[in-house]
Amino acid sequence: MTIRPLVESDADSVWNIFRDVIATGDTYVFAADTTRDDAVAYFSGPGVTAFVAEEDGEVVGMYKIIENRRDRGAHVANASFMVSPAHAGKGIGRRLGEHCLHEAQRMGFLAMQFNFVVSTNERAVRLWQSLGFSIVGTLPKAFQHQQLGLVDAYVMHRFLEL
Ligand SMILES: CC(C)(COP(=O)(O)OP(=O)(O)OC[C@H]1O[C@@H](n2cnc3c(N)ncnc32)[C@H](O)[C@@H]1OP(=O)(O)O)[C@@H](O)C(=O)NCCC(=O)NCCS
């Protein structure tokens, strides 16, 4: 597996993965009818640094780094990850997470914050904890889970000196 910067011609792959990930309604706030343009814009455009994971020429996952807040909050990074459900559980998320931490540190960020990790998303919560993130806050009933109804979301944080 290789990790490389996301380029314009990845748009179809990004859209396919995005659509498959949000279809289950259990990890991201996006509604099932989110458009291709919105999906592609989420992972590209001004202020977005994005990478894809590629396996045998196929894009199997992606992540982006943005400033968590502008100006006086801009020293903290925020990131979002999506791995193709067909390729989940094979270590791609972990590799992308490690890459993201290094990249954010290289970019000069002091810390990384995830603003909205769905509490029932055990795979993500455990992965982020194993990469050094702590749950620093719980947002009660903040997510409308497709199967479970209202569930909590976590704010997760870590400093970046690796
Ligand atoms: C969360 C996500 C990025 C993880 O990527 P992945 O490639 O599936 O994860 P990995 O294969 O690297 O596994 C990560 C860890 O989760 C664990 N794991 C795997 N399947 C699991 C499951 N069903 N339940 C709980 N933990 C699980 C693995 O043991 C692994 O830990 P390890 O490396 O110590 O063995 C990916 O599944 C995804 O895109 N999910 C949908 C979108 C999402 O939730 N994004 C993150 C929002 S915060």
Side-chain angles (χ1 to χ4, degrees), residues 1-4 6 10-34 36 38-44 48-69 76-104 109 111-158 160 162:
M1 193 195 82
T2 55
I3 297 175
R4 60 157 176 82
L6 186 152
D10 292 320
D12 283 339
S13 306
V14 167
W15 168 231
N16 287 333
I17 295 171
F18 187 102
R19 199 184 40 197
D20 288 351
V21 165
I22 69 164
T24 47
D26 55 357
T27 57
Y28 273 90
V29 294
F30 299 105
D33 61 357
T34 300
R36 183 184 188 280
D38 281 352
V40 172
Y42 185 71
F43 278 99
S44 52
V48 177
T49 301
F51 289 83
V52 299
E54 213 170 31
E55 223 172 45
D56 301 325
E58 183 192 354
V59 174
V60 291
M62 63 260 184
Y63 81 83
K64 72 164 185 183
I65 300 174
I66 58 172
E67 291 175 352
N68 190 51
R69 291 287 181 265
V76 178
N78 170 256
S80 300
F81 296 79
M82 288 188 185
V83 172
S84 160
H87 294 271
K90 299 196 313 185
I92 296 165
R94 176 172 292 279
R95 289 276 304 279
L96 287 175
E98 289 165 352
H99 189 278
C100 175
L101 288 169
H102 280 100
E103 193 59 29
F109 288 107
M112 181 167 290
Q113 179 174 325
F114 299 147
N115 298 310
F116 206 88
V117 182
V118 174
S119 59
T120 51
N121 189 356
E122 277 178 36
R123 178 179 293 182
V125 173
R126 273 194 234 157
L127 175 59
W128 306 145
Q129 284 175 327
S130 79
L131 289 176
F133 287 82
S134 304
I135 295 171
V136 295
T138 301
L139 308 169
K141 299 185 192 297
F143 182 69
Q144 299 168 34
H145 192 290
Q146 195 160 295
Q147 289 81 36
L148 304 175
L150 296 180
V151 300
D152 298 349
Y154 295 140
V155 180
M156 300 188 75
H157 176 277
R158 66 158 285 173
L160 285 176
L162 299 173

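All of these numbers come straight from a predicted model, not from anything done at the bench. Atoms within a ligand are numbered from 1 in the order they appear, just like the ligands themselves.
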Is there a side-chain contact between [X] and [Y] in this structure, where contact means two heavy atoms from C-beta onward sitting under 4.5 Å apart?
X	Y	answer
Leu101	Arg158	yes
Phe43	Leu6	yes
Thr120	Leu148	yes

_Counting neighbours of CD on Gln144 that are heavy atoms of other residues, nucleotides or ligands and sit closer than 6.0 Å, is the number greater than 12?_
no
Which one of [options] has a non-hydrogen atom at the shortest distance from [atom]?
atom	options	answer
atom 19 (C) of ligand 1	Lys90, Arg95, Arg123	Arg123
atom 32 (P) of ligand 1	His87, Arg94, Met62, Met82	Arg94
atom 1 (C) of ligand 1	Gly97, Ser130, Ala88, Ala124	Ala124
atom 7 (O) of ligand 1	Ala79, Gly91, Gly93	Gly93

*Does Ser84 use its side chain to pair, donor to acceptor, with the backbone of Ala86 at less than 3.5 Å?*
yes
*For the side chain of Asn16 and the backbone of Asp12, is there at least one donor-acceptor N/O pair under 3.5 Å apart?*
yes
Quick test: of every protein heavy atom, which one is nearest to [atom], and how far off is it to 0.1 Å?
atom	result
atom 44 (O) of ligand 1	Asn121 ND2, 2.7 Å
atom 45 (N) of ligand 1	Phe81 O, 3.0 Å
atom 41 (C) of ligand 1	Val21 CG1, 3.8 Å
atom 48 (S) of ligand 1	Trp128 NE1, 3.4 Å
atom 8 (O) of ligand 1	Gly89 N, 2.9 Å

*Where's the contact between Val83 and ligand 1, heavy-atom distance under 4.0 Å: side chain, backbone, both or neither?*
both
_Can you tell me which portion of Arg126 lies within the under-4.0 Å heavy-atom range of ligand 1? Options are side chain, backbone, both, or neither._
side chain
Are any non-hydrogen protein atoms located under 4.0 Å from [atom]?
atom	value
atom 28 (C) of ligand 1	no
atom 39 (O) of ligand 1	yes
atom 13 (O) of ligand 1	no
atom 22 (C) of ligand 1	yes

*Report yes if Leu127 has an N/O atom closer than 3.5 Å to an N/O atom of ligand 1; otherwise report no.*
no
*Any side-chain donor-acceptor pair under 3.5 Å between Arg94 and Ser130?*
yes
_Check: Asn115/Asn68 side-chain N/O donor and acceptor closer than 3.5 Å_ = yes
_I'd like to know whether the aromatic ring centres of Phe116 and Tyr28 sit less than 6.0 Å apart in this structure._
no
_Exactly one of Phe30, Trp15, Tyr63, Phe81 should register a ring pair (Phe, Tyr, Trp, His ring centres under 6.0 Å) with Tyr42. Which one does?_
Phe30
_Does this structure show an ion pair linking Asp10 with Arg4, if we count only N-O contacts that are shorter than 4.0 Å?_
yes
_Rounded distance [0.5 Å steps], CG in Leu160 versus NE2 in His102_ = 10.0 Å
*Just which atoms of ligand 1 are under 4.0 Å from any heavy atom in Ile92?*
7 (O), 12 (O)
*Decide whether the shortest distance between a heavy atom of Phe114 and an atom of ligand 1 is less than 4.0 Å.*
no
*Tyr28 to ligand 1, any heavy atom closer than 4.0 Å*: yes
